[in-house]
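Down below is the structure, laid out as structure tokens.
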Amino acid sequence: MTQGYDISLDRARLQLDVIHGFIARSYWAIGMPRETLARAIANSVCVGAYRDGEQVGFARVVTDRATFAYLADVFVLPEHGGKGLAKAMVQALQDHPELQGLRRWMLATSDAHGVYAALGWQPIAQPELFMQRHDPDVYQRGAA
């Protein structure tokens, strides 16, 4: 429990309406269809933050559970920000028993570097090694 908030890995507690309501308006996934997000959640390790049973935060990890994890879709509703919930959710994922011993964790963020740095994350040492492929026509996205 974090200042009256509950951090939970229980998938049954996830509230898709809340999650989609935020993610579909985020800079990184503007317009993501609800069905696409539901499929992404079903195939990820997820954590939620709750206050009085209502979901106020979310994060997920896309992973093979053996070598690699990609942290995605981390958010806390603005009215619940500044209470350490994002850090608590990410820490819960980093401590998850199925995510131990991974060779590499990655994420992309345009505005929360300090949150992740406090949890041991650092800039990519050799960014020139990394490439990406994406289809901007799948749904409108921001810069990340």
Side-chain angles (χ1 to χ4, degrees), residues 1-3 5-51 55-144:
M1 186 89 59
T2 303
Q3 301 175 20
Y5 292 86
D6 184 26
I7 305 300
S8 175
L9 295 162
D10 182 354
R11 180 175 290 286
R13 294 184 69 185
L14 297 174
Q15 298 168 11
L16 186 57
D17 288 341
V18 174
I19 300 167
H20 182 257
F22 188 93
I23 298 292
R25 292 174 184 78
S26 68
Y27 72 82
W28 66 88
I30 294 170
M32 179 185 282
R34 181 183 168 92
E35 300 75 28
T36 300
L37 181 60
R39 192 169 68 240
I41 289 170
N43 290 299
S44 300
V45 177
C46 302
V47 64
Y50 304 87
R51 176 90 185 228
Q55 187 156 13
V56 300
F58 175 76
R60 69 186 182 96
V61 168
V62 180
T63 182
D64 60 9
R65 292 178 168 83
T67 63
F68 181 78
Y70 182 81
L71 180 63
D73 295 335
V74 179
F75 76 85
V76 174
L77 295 178
E79 59 270 26
H80 299 276
K83 296 174 174 62
L85 297 174
K87 286 182 185 177
M89 290 188 298
V90 173
Q91 189 65 61
L93 289 169
Q94 289 179 176
D95 293 343
H96 193 290
E98 293 181 25
L99 303 178
Q100 299 310 297
L102 302 180
R103 182 169 175 254
R104 183 183 313 272
W105 287 66
M106 295 189 72
L107 66 81
T109 184
S110 70
D111 61 357
H113 295 79
V115 171
Y116 302 109
L119 293 166
W121 293 73
Q122 54 193 311
I124 294 173
Q126 295 177 292
E128 67 276 5
L129 297 179
F130 292 86
M131 296 178 72
Q132 70 175 0
R133 180 180 179 273
H134 68 93
D135 184 348
D137 295 328
V138 172
Y139 54 87
Q140 184 179 350
R141 295 182 230 202

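Computed from heavy atoms alone, side chains included, the values below leave out hydrogens, waters and symmetry copies. Positions are given from 1, in the same order as the sequence printed here. Because the structure is a prediction, the values reported are computed rather than measured.
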Please name the residue in the list V74, I19, L16 that meets the side-chain contact (heavy atoms from CB on, under 4.5 Å) test with F58. I19
Nearest 0.5 Å please: distance from the CD atom of E79 over to the CZ atom of R51. 11.5 Å
Could you state the interatomic distance from CG (L14) to CD1 (I41), rounded to the nearest 0.5 Å? 6.0 Å
Straight-line distance of L85 CG to Y50 OH, nearest 0.5 Å: 12.0 Å
Between L9 and V47, does a side-chain contact (heavy atoms from CB on, under 4.5 Å) hold up when you go through it step by step? CA-CA 4 Å; L9 295 162; V47 64; 3.7 Å; yes
Could you list the residues that satisfy salt bridge (charged side-chain N to carboxylate O under 4.0 Å, His left out) with R39, not counting sequence neighbours? none
How far apart are the closest heavy atoms of A66 and D64, and which atoms are they? N-OD1, 2.9 Å
Suppose the criterion is ring-ring contact (aromatic ring centres under 6.0 Å, His included): which pairs have a residue in residues 60-104, not counting sequence neighbours? Y5-H80, F22-F75
Report the C-alpha separation of W105 and V61 in whole Å, then their side-chain angles, then the decisive distance to 0.1 Å, and conclude whether the side-chain contact (heavy atoms from CB on, under 4.5 Å) test is met. CA-CA 9 Å; W105 287 66; V61 168; 3.8 Å; yes
Of all heavy-atom pairs linking V76 and G81, the shortest is CG1-N, 3.9 Å
To the nearest 0.5 Å, tell me how far D73 CG sits from R60 CZ. 4.5 Å
Closest approach of M106 to W121 (non-hydrogen atoms, all atoms of both residues): C-CZ3, 3.5 Å
Is a donor on one side and an acceptor on the other found under 3.5 Å between the side chain of H20 and the backbone of A38? no
For A40 and S44, which heavy atoms make the closest approach, and how far apart are they? O-OG, 2.6 Å
Say you draw a straight line from OH of Y116 to CG of L71; how long is it, rounded to the nearest 0.5 Å? 5.0 Å
For C46 against L93, the heavy-atom pair lying closest together: C-CD2, 4.2 Å
Closest heavy-atom pair, L102 versus A69, reported as atoms and distance to 0.1 Å, is CD1-CB, 3.5 Å
Could you check whether any side-chain N or O of Q15 sits under 3.5 Å from a backbone N or O of Q55, counting only pairs where one atom can act as donor and the other as acceptor? yes
State which residues pass salt bridge (charged side-chain N to carboxylate O under 4.0 Å, His left out) with R65; sequence neighbours excluded, sorted by chain then number. E98
Any chance you could lay out the side-chain contact (heavy atoms from CB on, under 4.5 Å) test for V90 and Q94, step after step, and finish with the verdict? CA-CA 6 Å; V90 173; Q94 289 179 176; 3.6 Å; yes
Interatomic distance, L119 atom CG to M89 atom CE [nearest 0.5 angstrom]: 11.0 Å
Please say whether more than 12 non-hydrogen atoms of neighbouring residues, nucleotides or ligands are located less than 6.0 Å from CZ in R11. yes
